Amino acid sequence: MEKAKKRQFGIIATIVLAAVIVLGLMWATATATKNEEHKDTLERVERLGRIVWGVKADTRLFGLMDTKTGISQGFDIDIARALTVQISKQTGVPMSAEFVPVSSSSKMQLLKNTNIDGSVSTMTITPEREKIIDFTDQYFDAGQSILVRKNSGIKNIRDMNSSKYTIIVVVGTTAATELAKFAPKAKMLAVQDYATGMQALKSGQGQAMSTDNAILYGFATENPEYHIAGNAFTHGPYGIAFDNNQGPMIKQTNRALKTIKENGIYNQLIKKWFSDVPGLDWHSLEVK
Ligand code: GLU
């Protein structure tokens, strides 16, 4: 009896050990594959024949989801398409452009997880972000402003430096950090996306919404009782983002960016998206 029990125990122990070894091997293989995926973005997009771009879905003019088709439209999407065509030409590898909606707060993590290869998403190049991800050369010039009701009497950000004011920002953007410098006494209300921010502004939960002027122009166009007050109080150009240490992909993208700026495609896209925006000197956005 004792002997039979011992044998049974031995069999169970062997099965458990085997299972642990198999699971361990599976985990090691999965990790190795994941690390392999992480290694070289250019190698990955060439191998798979597509570049998955993270683009905004809530940002008028740059990346706004068309609720009927589920596809985002905007300057960023067109830039990503033009870059994909150009990178395909440069590498000799045909690639398609695919798009994944990203939010202001999710895009860094999605790059890290390789859920997206790159991000063209109104993303300001900052030294803090550069510690975690790589940026290309700048592809759009922007600076932070405030959107207020036209009859609010607020003329610029300095007018808002008082605890009687609440400024609405979107989480994950650079807006809050900058406001802490320019209107430290004002209260801040952080929301998940711009649509919610606009609702909060209209319902009086704040007296201003703050982000890049280029983004606010989109909202001012749609909401004629609101306007941008004062000049931009920061300078924060946008870059295209990739995971860190992606030298080859950054090099190809910078080359492609230079080409579309030289061959007129970039200026065509500036005209397409910004020439109808009231109050915006869109010619100043063109590359000369
Ligand atoms: N340019 C700002 C930033 O990079 C706003 C971007 C956004 O709205 O996602 O934080």
Side-chain angles (χ1 to χ4, degrees), residues 53-65 72-80 99-112 115-116 118-147 157 167-183 188-201 206 208-223 226 228 231-244 253 270 273-274 277 280 285:
W53 296 104
V55 292
K56 299 294 294 293
D58 68 337
T59 311
R60 236 165 254 289
L61 303 175
F62 288 90
L64 186 68
M65 175 93 68
S72 280
Q73 309 279 355
F75 179 73
D76 280 351
I77 285 92
D78 285 352
I79 286 286
F99 298 100
V100 168
V102 297
S103 69
S104 302
S105 47
S106 72
K107 50 196 168 193
M108 302 268 265
Q109 196 52 50
L110 292 173
L111 274 177
K112 288 279 157 204
N115 290 99
I116 54 175
S119 200
V120 192
S121 53
T122 63
M123 202 164 179
T124 305
I125 304 167
T126 69
E128 293 74 35
R129 287 175 176 164
E130 276 180 317
K131 287 181 195 146
I132 308 165
I133 54 170
D134 279 359
F135 282 105
T136 60
D137 296 337
Q138 70 173 71
Y139 74 95
F140 190 87
D141 208 8
Q144 195 170 333
S145 288
I146 47 171
L147 184 75
I157 185 65
I167 307 177
I168 299 155
V169 296
V170 170
V171 281
T173 69
T174 44
T177 323
E178 297 298 340
L179 285 179
K181 295 181 206 158
F182 290 89
M188 248 181 277
L189 172 64
V191 296
Q192 281 305 318
D193 55 50
Y194 288 112
T196 315
M198 207 54 221
Q199 269 171 16
L201 182 62
M209 178 159 86
S210 186
T211 185
D212 303 308
N213 47 6
I215 296 175
L216 293 177
Y217 270 115
F219 291 101
T221 312
E222 287 292 303
N223 301 278
Y226 290 85
I228 295 173
N231 293 329
F233 51 90
T234 68
H235 179 233
Y238 296 162
I240 297 152
F242 293 99
D243 198 358
N244 57 352
T253 313
I270 288 286
W273 288 101
F274 301 102
V277 177
L280 175 66
L285 300 171

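This one's a predicted model, so the numbers in the text were calculated from it and none came from an experiment. Here, residue 1 is the first one in the sequence, and each next residue gets the next number. Remember, it's 1-based here, ligands and their atoms both numbered in the order they're listed.
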If the cut-off is 4.0 Å to any non-hydrogen atom of Tyr238, which atoms of ligand 1 fall inside it? 1 (N)
List the atom of Ser210, the atom of Ala175, and the distance in Å for their closest heavy-atom pair. O-CB, 3.5 Å
Under the criterion side-chain contact (heavy atoms from CB on, under 4.5 Å), which of Asn231, Leu216, Asp212 is the partner of Ser145? Leu216
For atom 8 (O) of ligand 1, the closest protein heavy atom turns out to be Tyr194 OH, 2.5 Å
Using a 4.0 Å heavy-atom threshold (strictly under), name the region of Val170 that reaches ligand 1: side chain, backbone, both or neither. neither
4.0 Å heavy-atom contact, Gln144 with ligand 1: no
Would you say ligand 1 has an N or O under 3.5 Å from any N or O of Thr174? yes
Can you list the atoms of ligand 1 that are under 4.0 Å from a heavy atom of Ile215? 8 (O)
Hey, which atoms in ligand 1 end up nearer than 4.0 Å to a heavy atom of Ser104? 7 (C), 8 (O), 9 (O)
Ligand 1 contact on Arg129 by region, counting heavy-atom pairs under 4.0 Å: side chain
Test item: Asp193 side-chain N/O and Ser103 main-chain N/O as donor-acceptor pair under 3.5 Å: no
A student checking ligand 1 against Met123 at a 4.0 Å heavy-atom cut-off should list atoms 4 (O)
Counting only heavy atoms, which portion of Asp212 has something under 4.0 Å from ligand 1: side chain, backbone, both, or neither? side chain
Among all protein heavy atoms, pick out the one at the shortest distance from atom 6 (C) of ligand 1; state its residue, atom name and that distance to 0.1 Å. Thr122 O, 3.2 Å
Would you say that Ile157 contacts Ile167 through its side chain, given a criterion of any heavy-atom pair below 4.5 Å between the two side chains? yes
Protein residue, atom and distance nearest to atom 7 (C) of ligand 1, heavy-atom basis: Lys56 NZ, 3.2 Å
Under the ring-ring contact (aromatic ring centres under 6.0 Å, His included) criterion, do Phe75 and Phe274 qualify, and how do the steps go? CA-CA 9 Å; Phe75 179 73; Phe274 301 102; 5.4 Å; yes
Mind checking whether Phe62 and Lys56 have side chains closer than 4.5 Å, heavy atoms only? no
Check whether Lys112 reaches the backbone of Ile132 with its side chain - one donor and one acceptor, N or O, closer than 3.5 Å. yes
